[in-house]
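What follows is one structure encoded as structure tokens, with my remarks underneath.
No hydrogens, no waters, no symmetry mates; every other heavy atom, side chains included, goes into these values. This structure is a prediction, so every number in the text was calculated from the model and none was measured. Chain identifiers are assigned alphabetically (A, B, ...) following the order of the sequence lines, protein sequences preceding nucleic acid strands; residue numbering begins at 1 within each chain.
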Amino acid sequence: MPVHNKEIADLFDELADLLEIEDSNPFRVRAYRNAAHTIRNHAENMADLIEHGSDLSKLPDIGNDLAEKIKTIVETGRLPLLEKVHSRTPAALGRIMEIRGLGPKRVKALHEKLKIKSMDDLKHAAHTGKIRKLDGFGKKTEQMIKNRVKEFTQSEERIKLNEAEDIATPLRAYLKESKGIKNLTIAGSYRRRKETIGDLDILVTARKNTDVMERFVAYDEVKEIISQGETRSTIRLRSGISVDLRVVPEESYGAALHYFTGSKAHNIAIRKMALEKKLKLNEYGIFRGKKRIGGNTEKEVYAQVGLPYIEPELRENRGEVDAAKENKLPDLVTLKDIRGDLHCHTKATDGKHTLKEMAQAATKRGYEYFSINDHSEHMAMAHGLSEKRLLEQMEEIDRLNEILADTVILKSIEVDILRDGSLDLPDRVLKELDFTVGAVHSKFNLSRTQQTERILRAMDNPYFNILAHPTGRLINARTAYAINLEKIMRGAKERGCFIELNAHPDRLDLTDDACIVAKEIELRVAISTDAHSISGLNSMRFGINQARRGWLEAVDVINCQPLKELKRLLNRR
DNA sequence: GCCGTTTTCGGCCCGACTGTTTTCAGTCG
């Protein structure tokens, strides 16, 4: 089992935390954090890159030293420098530093003065009143530590984008009723439409006499007010999520929106360009000396550094700044570009609505086409279709297509990829369909090589068209099964198959990075909802969000093509 | 420890809020 990128990134992050506690050179600390970020977000495995002899020091924020350390980790699973640091500074201190309000300086003081080496030591010290006696600590800090240690055992995972929307939508409506409010935008990773959100950053412009701050901290769902000021407050909601509210002057809205939308890495890159032009960029505007020369809109900010507007979904410092410089930004796909849905279920298997109801809903959405892809028989728990039931469904589709003038229903199936890579229906049945979507629903724990081979063998079947939810992950619930995704994507390209970006907010699989790889190898993608009900069709927008984060344009997406072109693409014979 | 059209040395973002201070260090984003 190769070392995963996350494990390498975690080791570097832990090292950075411990070095920070030891008061090392802060820029060295940051270098480890930057490298961890690069590794964690890189689409290809470091282990694979090393195996193929790639030069890791070509990656951003990775130099010769770190390239060597990554190699050591991949080969031995160990980071000797971290082990050396552990002998001086206990590993648990890194975890203690994750408690909000405890940074490197305080953790160092706790360790040196009170000999705290573990979370239990910390808890004990707080409960026996030892912490309040330390220089720079007081009663409030001690109480804060008591509270947070208790909560810390609860997981602090990021929430899914749809969950964030469910929290943000009523809060936004509530804040909009404040006096004197002008603009309100939820910035941060929410605006960049990341698949998961750590916290919400709300940005507001308002008249001087606004009561938005008072209303904010008085919101019914508030569990804890973490900080409260005139221009910035932070609360924690009962759901566990933190929310920041910032109030800025109207003329600073663009600069503030840019600043608080991030990502941090993107902002640093833009600020650097500003510095090169002897300009200063902060959340209040863009300045030449003391003179403010822009910042009312984001477009102005970009224009002042000599760039076209960059869409929020691209702002991850993954090449968008260079692309903007060369005027080569992608023309990102939008919801309007979608002409149909290529993965939907009905009541015949595990869906909620009938074929006719789903078809009418697709028409209502203005789709030119859509397909029915119920499960095949192997999915017994979903009451998968037998050959006979599938043939009956196909006849029903023929009848409906006679009646429905606006939307063409395509005949399809979500056919199970069996253990040996064969498909769950014979070719003589598959060939009667307009196309097929193949999926892995069983044997998730095959080795990486076996799982990859299994899927490639399935794609050898000439009636295989689209690989559904290619890694099987469920965000925050189930990790992806082990596969060499790039090999599978290259295999799909060679065979004339396509890969699905599953738009369900629990799945969103392909990831944004995988979309970028797909685009690079010119493998086209189907953005499909996997709808099990009429409302499931609404998930398309989450798929669009993810596709945009993955730099995809309408031309890269097969269900943005007219029916005639789609049919041509789906015909491998 | 990384990086480079100020390039192998000398930079590396900075403003708001809190708590413990009596003028500011620590933390966070």
Side-chain angles (χ1 to χ4, degrees), chain A residues 12 15-17 19-21 23-39 56-70 79 81 96-110 131-145 148 187-189 197-203 213 217 224-236 242-248 252 255-256 258-287 306 317 325:
Chain A
F12 284 153
L15 181 56
D17 287 345
L19 287 174
E20 199 172 22
I21 293 166
D23 210 13
S24 300
N25 178 349
F27 301 109
R28 184 178 171 219
V29 171
R30 188 186 299 167
Y32 281 112
R33 294 230 165 90
N34 289 342
H37 183 262
T38 296
I39 296 163
L56 298 182
S57 70
K58 293 258 163 57
L59 295 171
D61 299 318
I62 309 283
N64 289 331
D65 181 90
L66 285 176
E68 203 51 46
K69 287 192 167 78
I70 295 169
L79 176 55
L81 176 58
I96 289 175
M97 215 173 79
E98 286 172 33
I99 294 175
R100 191 187 8 228
L102 292 185
K105 296 287 179 346
R106 285 181 174 159
V107 171
K108 182 182 165 79
L110 291 167
I131 290 176
R132 71 177 77 173
K133 293 181 190 139
L134 288 182
D135 279 351
F137 290 77
K139 273 188 178 173
K140 284 198 167 179
T141 308
E142 188 174 84
Q143 188 57 45
M144 178 273 298
I145 290 172
R148 304 244 160 100
S189 48
I197 306 292
D199 57 13
L200 292 171
D201 291 296
I202 304 180
L203 186 66
M213 235 10 139
V217 296
E224 180 191 5
I225 298 170
I226 292 166
S227 70
Q228 184 180 3
E230 273 179 41
T231 64
R232 174 180 170 182
S233 298
T234 305
I235 58 174
R236 196 134 64 95
S242 298
V243 188
D244 258 32
L245 176 67
R246 324 209 184 207
V247 181
V248 297
S252 299
H258 182 259
Y259 186 91
F260 294 117
T261 296
S263 67
K264 200 169 165 182
H266 174 86
N267 287 357
I268 290 171
I270 299 297
R271 205 174 302 125
K272 209 165 162 188
M273 285 187 71
L275 286 173
E276 281 163 12
K277 292 182 186 293
K278 310 265 183 240
L279 302 174
K280 184 182 145 163
L281 175 61
N282 60 29
E283 61 263 55
Y284 296 111
I286 187 156
F287 301 86
N317 200 28
K325 278 182 197 164

Gap in Å between the two C1' atoms, one belonging to B/dT27 and one to B/dT21, rounded: 16 Å

Proximity to the side chain of A/T141 - top-ranked nucleotide from B/dC2, B/dG1, B/dG19: B/dG19

Nearest-Å distance for atom pair CZ/P, residues A/R236 and B/dG29: 12 Å

Sugar-phosphate, base or nothing in reach of A/L59, heavy atoms under 4.0 Å: sugar-phosphate

Which nucleotide in B/dA16, B/dC13, B/dG29 has an atom nearest any side-chain atom of A/R271: B/dC13

Nucleotide nearest A/Y259 when distance is taken to its side chain, options B/dC12, B/dC14, B/dC17: B/dC14

Complementary nucleotide of B/dG15, counting Watson-Crick and G-U pairs under 3.5 Å: B/dC28

Pairwise side-chain contact, A/Y32 with A/L66, heavy-atom cut-off 4.5 Å (strictly under): yes

Close side-chain approach of A/R28 to A/L19, heavy-atom, < 4.5 Å: yes

Rounded distance (Å) that lies between atom C1' of B/dG29 and atom NE2 of A/H266: 17 Å

A/R106 CZ to B/dC28 C1', straight-line distance once rounded to whole Å: 11 Å

Nucleotide nearest A/P104 when distance is taken to its side chain, options B/dT27, B/dG15, B/dC2: B/dT27

d(CD1, A/I131; P, B/dT20) in whole Å: 12 Å

Expected output: side-chain A/S263 to main-chain A/H266 donor-acceptor under 3.5 Å: yes

Touch class at under 4.0 angstrom, heavy-atom based, for A/K69 against every strand present: sugar-phosphate

B/dA16 and B/dC3, which share atom name P, separated by this distance in whole Å: 31 Å

Whether over 12 other heavy atoms sit under 6.0 Å from A/N25 CG: yes

Sugar-phosphate, base or nothing in reach of A/L281, heavy atoms under 4.0 Å: nothing

Span that lies between the C1' atom of B/dG15 and that of B/dG10, in whole angstrom: 25 Å

B/dC17 phosphate, OP1 or OP2, under 4.0 Å from A/T231 side-chain N/O: yes

Touch class at under 4.0 angstrom, heavy-atom based, for A/F137 against every strand present: sugar-phosphate

A/E224 side chain vs A/R236 backbone, donor-acceptor pair below 3.5 Å: no

B/dC9 to B/dC14 separation - C1' atoms, rounded to the nearest Å: 24 Å

Main-chain N/O of A/N64 paired to A/S57 side chain as donor or acceptor, under 3.5 Å: no

Nearest-nucleotide 5' precedence on DNA chain B, A/S233 against A/A31: A/A31

Comparing A/K140 and A/N64 on DNA chain B - which has the more 5′ nearest nucleotide: A/N64

Touch class at under 4.0 angstrom, heavy-atom based, for A/N25 against every strand present: base

Under 4.0 angstrom between A/R28 side-chain N/O and B/dG1 OP1 or OP2: yes

Minimum-distance nucleotide to A/E283 side chain [options: B/dG29, B/dG1, B/dG15]: B/dG15

Touch class at under 4.0 angstrom, heavy-atom based, for A/P60 against every strand present: sugar-phosphate

A/Y284 side chain near B/dA16 phosphate (N/O to OP1/OP2, under 4.0 Å): yes

Residue pair A/T231 / A/M213, side-chain heavy-atom distance below 4.5 Å: no

Under 4.0 angstrom between A/K272 side-chain N/O and B/dC12 OP1 or OP2: no

Closest to the A/R246 side chain, choosing from B/dT6, B/dG29, B/dG1: B/dG29

Integer angstrom distance from the C1' of B/dT8 to that of B/dG1: 14 Å

Between B/dG26 (P) and A/I226 (CD1): distance, integer Å: 22 Å

Spacing of the C1' atoms in B/dT18 and B/dC12 (rounded, Å): 27 Å

Whole-angstrom distance between B/dC24 and B/dT20, as gauged at atom C1': 9 Å

A/S227, nearest nucleotide to its side chain (from B/dC28, B/dC17, B/dC13): B/dC17

Minimum-distance nucleotide to A/K105 side chain [options: B/dC17, B/dC2, B/dT27]: B/dT27

Nearest-angstrom distance from the residue atom OH of A/Y32 to P of B/dC2: 8 Å

Side chain of A/K280 (C-beta onward), nearest among B/dA16, B/dT20, B/dG15: B/dG15

Lys/Arg-Asp/Glu bridge criterion (N-O < 4.0 Å) met for A/R232, A/E283: no

Check: B/dG29 base within 3.5 Å donor-acceptor of A/D244 side chain: no

Between B/dG29 (C1') and A/L203 (CG): distance, integer Å: 14 Å

Residue A/F27, side-chain heavy atoms: nucleotide from B/dG15, B/dC17, B/dC12 that is nearest: B/dC12

Nearest-Å distance for atom pair CG/P, residues A/N34 and B/dC13: 9 Å

Rounded P spacing from B/dG29 to B/dT22 in Å: 28 Å

Sugar-phosphate, base or nothing in reach of A/E276, heavy atoms under 4.0 Å: nothing

No-H, no-angle donor-acceptor pair, A/R30 side chain to B/dC12 base, under 3.5 Å: no

Heavy-atom side-chain proximity of A/H37 to A/K264 below 4.5 angstrom: no

Touch class at under 4.0 angstrom, heavy-atom based, for A/L275 against every strand present: nothing

